[in-house]
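Worksheet: the structure to be examined is printed underneath.
Letters go in sequence order (proteins before strands), and every chain restarts at 1.
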Amino acid sequence: MEEFAALVDALVYTRSRNEKLRLIAEYLRATPDPDRGWALAALSDGLDFPAIKSSTIRTMLMERVDPVLWTLSRDFVGDTAETASLLWPAPDHLPSPPTVSEAVALLGGMNRKFVQAELPQLLDRLDASGRYALLKLATGAMRIGVSSRLAKMAFAQAFDVSVEEVEEYWHGLDAPYSELFAWAALGEAPPDTENLPTFRPFMLAHPLEETVVDLADYAAEWKWDGIRVQMVRAGPKDNESTRIHSRSGDDISATFPELLDVMPFPAVLDGELLVRGAHQGGEAGGAASFNALQQRLGRKTVSNKMLADFPAFVRLYDALILEGEDLRERPWTERRARLEALMPRLPDTHFDLSQVVEAHDFAHLAAIRDTARDEAIEGLMLKRRDSPYIAGRRVGYWYKWKRDPLLVDCVLMYAQRGSGRRSSFYSDYTFGCWDGDPDAGAELLPVGKAYSGFTDEELKKLDRHVRQNTVNRFGPVRETDKSLVFEVAFDSVHESKRHKSGLAMRFPRIHRIRWDKPPHEADRIDALKALIRD
Amino acid sequence: MTAPFSWIKPEPHGIYIPPADCWVDPSRPVDRALVTHGHADHARGGHGETVATPETLAIMELRYRTGTENDAGEIPHKAVPVQYGETIRLPGGVDATYVPAGHVLGSAQILLEHAGERVVITGDYKRRHDPTCPPFEVTPCDIFVTEATFGLPLFTHPPIEDEMAKLLDRLAAHPDRCVLVGAYALGKAQRVIAELRRAGHKAPIYLHGAMERMCRLYEEFGVDLGELRLVSDHSKDDIRGHIVICPPSALNDRWSRRLPDPITAMASGWMRVRQRNVELPLVISDHADWGELTRTIREVDAAENWITHGREDALLRWCQLHQRRARALALVGYEDEDD
Ligand SMILES: [Zn+2]
Ligand SMILES: [Zn+2]
């Protein structure tokens, strides 16, 4: 547990992604099984101990520390687990600390009835760092900037294996991933994932940019504005189960329970998860905008009302594996034919097929794409007809051809320092539009934030502009004199109650810095509102 | 005959002593001020007369040029030095004795005596060893006015040797980089340097320009800080593998771009709570931690405790739980210059 606690502390204080990777990789190499597997689970997906909640910790501390002093301390620190780790009245002599596995076993064995007696015994064996790591692990919320993707990359780096393979095996296994370590660290055979609802890494596309392709070689499909998912059904015969994986490989099955019992055969399918609506066309009824889908994302439990108001379905793109047959090596045309043939066997309430967009030639396709905005479609996908299904991004096979972004002129209002390499620059910008006629006393209202879209050279100039034109400081934030115009590019704009302007942009970035443009010529809120499409 | 302790009045801008018409650590200019130590939240410029230790007066002179002539060619300010242990008689029959507080160079508690009643005002203090100033002395009194900067039970400052070892280990592990330590210019910076020397670190230590004059002043008062160099006189390569000390505000400032890939450290008692804006937290404080605060209240054992300058609520609650009379003073203008 001491090594794990030291790793957690080091990760808290490390900004650099590479350094985080190095720290985790080093830990994984140096730590024996099954400790490293449990640690990896705690860092990435999180472990679940139902008997231990934040309130459990609070109750436990209130029995040992005066409640007023506890509350004052908790309010100061802002985190229950950390406050408890600092306030815990440790015994003078710590008995031997538990290993991670021992701690996990003890935590897993606790129930609500005995947790108030057993958890203290465990805490008494740890120092303040150890208590922090243990309580964070026990409540399932590490929040130390380690995504499951980062954990997988660290694992791959630790044992010099490919991250695609790690992803493929990982998702079929449960913590502490003994088979995964046996394969990567000890060179044993890879885990058998055929009968497991395992994630297969997605095939991804490159931006098309200036490339022009021949439609004889490439097929076009709409790029739908939902979330890319992989539907996997696998398992022993008559006892199969379905899992839904997000693009990062995370298991999001619990968020979409209506999709777990609708695949009547084992398969691995690639598609876009959408909710029913009138915006994005399709064979069996349209899909709503991304904004509507957002209502469903990130939930661990789903109410019946949610299910009724925002019913989810999957628009299928591809078939990777069908009833035990791995199609990934076959050309796209063949996989597409198999997928089309499959559609009658899938309920149209929960599946439809992403249509191929027919065009005479590339110019015709470009014209079709230009009309796409009204349907809230993100753009086009171009898939080489003979392309196999390959994990990751491979040049020349798949392209995404996004529709041109929307543009609006905004005025820089606030700037904040960036993080990491950029921490000495003001690199995060909040900008606004006028709420009326600026010459008649209108004000600027913030409409978005961006921290990308400029070169290092431009960043230096922007940093200088911010420093020289500051009118107010609020902690790390500087308010500027609102003299600089940005041409801001974004993918779409939606109504939002969170902003005073009532608007929220998707993917805003600085398109051009308009050093030349006077701020009163920037756009008004009304112009932005006119671009709302949902 | 006046009511007990009517000669001492906590006001929003400091503690006022009516018979002597003077203030302790006033936060705005007054005719006569008794100053505990040189931190800006206790020592302000612009007083007519300042009574303080010679070290504190020198610090104030450095910061406020209190001894400089005005346009009329006069020196309007009168400096009255008091040595540790020395008692001076103020008007109205009030005696003031300056007692070491162990906080920074020149820091003192002020014992006030009048009509057989004794009040101790600690200013800021700590109970740990500090090579740059004499240790805190427990002084019996009727009213004990204590600071409470780290007045929450979660604040326990670890032994400074552990924090020095952390710093030196990190430095040794990255010979191509440097460790940039954010530390307050008065007190913390010099203590960190002196502790590094005590830990056997003999290499030159590099300073941000804002640190230089205060370090020189410490040396004039006999605190040995070893070889100090200014960052501005040296190249990136000179600084590789060395420790650099700067004010906290310079840690992430443009200034730091001239350094060789700095590892940012911060020396402060607040580092006890995890935060993400530094890479190497050093829990080093010149204030008493919770254990020191409560131990000091017990040892001084005053009839009444006045709590000020920080998180009063929790220390007040502790006094309540331990049947000690206490009240919180709401003084304005106290900020954490010196945590
Ligand atoms: Zn101070
Ligand atoms: Zn102070």
Quiz item: Could you go step by step and tell me if A/Leu69 and B/Trp290 meet the side-chain contact (heavy atoms from CB on, under 4.5 Å) rule?
Solution: CA-CA 12 Å; A/Leu69 293 178; B/Trp290 177 258; 4.2 Å; yes
For [X], does the [atom1] atom have more than 12 heavy-atom neighbours from other residues, nucleotides or ligands under 6.0 Å away?
X: B/Arg325; atom1: CZ; value: no
X: B/Arg28; atom1: CZ; value: no
X: A/Arg473; atom1: CZ; value: no

Practice problem: Could you walk me through whether A/Arg417 and B/Asp253 pass side-chain contact (heavy atoms from CB on, under 4.5 Å), step by step? | Solution: CA-CA 10 Å; A/Arg417 286 181 208 252; B/Asp253 197 43; 4.1 Å; yes
Structural part of [X] lying under 4.5 Å from a heavy atom of chain A:
X: B/Thr264; result: side chain
X: B/Leu321; result: side chain
X: B/Trp255; result: neither

With rounding to the nearest 0.5 angstrom, report the [atom1] to [atom2] distance, [X] to [Y].
X: B/Leu152; Y: A/Leu87; atom1: CG; atom2: CG; answer: 8.5 Å
X: A/Ser73; Y: B/Arg311; atom1: OG; atom2: CZ; answer: 10.5 Å
X: A/Tyr13; Y: B/Ile263; atom1: OH; atom2: CD1; answer: 15.5 Å

Self-check item: B/Arg254 and A/Ser424 side chains, donor-acceptor separation under 3.5 Å
Solution: no
Quiz item: Side chains of A/Val12 and B/Glu279: closer than 4.5 Å at any heavy-atom pair?
Solution: no
Quiz item: With a 4.5 Å limit on heavy-atom distance, are the side chains of A/Leu86 and B/Phe155 in contact?
Solution: no
Self-check item: Pairs of heavy atoms under 4.5 Å with chain B: top-ranked of A/Asp79, A/Val77, A/Asp66
Solution: A/Asp66
Self-check item: Per-residue contact mode, A/Ser16 against chain B (heavy atom under 4.5 angstrom)
Solution: neither
Quiz item: Any donor and acceptor pair, going by atom type alone, linking the side chain of A/Glu82 with main-chain N or O of B/Val273 inside 3.5 Å?
Solution: no
Quiz item: Is any side-chain N of the basic residue among B/Lys166 and A/Asp9 closer than 4.0 Å to the acidic one's carboxylate O?
Solution: no
